[in-house]
Participant: 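Handing you this structure, nothing more for now.
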Amino acid sequence: MSVIYLLISISIIVAIGFFIAFIRAVKTGQYDDDYTPSVRMLFDDELIQSKAKKPKVKSSTTL
C-alpha cells in the first residue's frame, strides 16, 4: 500500500513540473505566433520550385 502513495506523490511532482514548464513557455512567448504556420504551408511549393529553377554553376576544379 505504501508503494501506491509513493507512485501518486511522484506523479503529482512530475505533473507540477510539466505545468511549470508549460507556464514558463507561455510567458516567454513560445505560442505567440499562430499565423505563420498556417501561411507557410501555402508557400512551401513555391520555395521548392524556386530552388529548382536556380542555375547550377560548374566548378572550375576537376579531379
Side-chain angles (χ1 to χ4, degrees):
M1 193 68 179
S2 65
V3 174
I4 293 175
Y5 295 132
L6 179 67
L7 290 174
I8 290 173
S9 62
I10 290 174
S11 66
I12 289 173
I13 290 171
V14 169
I16 290 171
F18 279 115
F19 183 69
I20 290 171
F22 173 73
I23 295 297
R24 183 174 179 223
V26 169
K27 285 188 177 185
T28 58
Q30 183 75 26
Y31 302 109
D32 282 349
D33 188 17
D34 57 352
Y35 179 70
T36 302
S38 63
V39 174
R40 187 182 310 142
M41 65 176 267
L42 299 174
F43 298 110
D44 280 345
D45 293 336
E46 292 178 9
L47 292 174
I48 293 170
Q49 290 174 359
S50 66
K51 287 181 182 178
K53 289 182 181 178
K54 289 182 181 178
K56 295 185 178 185
V57 178
K58 294 181 180 179
S59 64
S60 61
T61 59
T62 57
L63 296 175

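Source: prediction; values computed, not measured. One is the number of the first residue; the rest follow in order along the sequence.
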Participant: Within this structure, what is the OG-CG distance for the pair Ser11 and Leu6, rounded to the nearest 0.5 Å?
Facilitator: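 Output value for this atom pair is 9.5 Å.
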Participant: Throw together a table of side-chain donor-acceptor distances under 3.5 angstrom for residues 21-31, partners on residues two or more places apart or in other chains.
Facilitator:
residue, atom, partner, partner atom, Å
Thr28, OG1, Arg24, O, 3.1
Thr28, OG1, Ala25, O, 3.1

Participant: Hydrophobic clustering (ILVMFWY, side-chain heavy atoms < 4.5 Å, transitive) - are Ile12 and Met1 grouped together?
Facilitator: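 Yes, Met1 connects to Ile12 through the hydrophobic network.
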Participant: Would you say Phe19 ends up clustered with Ile8 if hydrophobic residues are merged whenever their side chains have heavy atoms under 4.5 Å apart, either directly or through other cluster members?
Facilitator: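 Ile8 and Phe19: separate clusters.
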Participant: By the rule that ILVMFWY residues connect when side-chain heavy atoms come within less than 4.5 angstrom, directly or transitively, which residues belong alongside Ile13?
Facilitator: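 The other cluster members (ILVMFWY side chains, heavy atoms under 4.5 Å, direct or chained): none.
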Participant: Transitive ILVMFWY cluster of Leu7 at side-chain heavy atoms under 4.5 Å: who else is in it?
Facilitator: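 Other cluster members: Val3.
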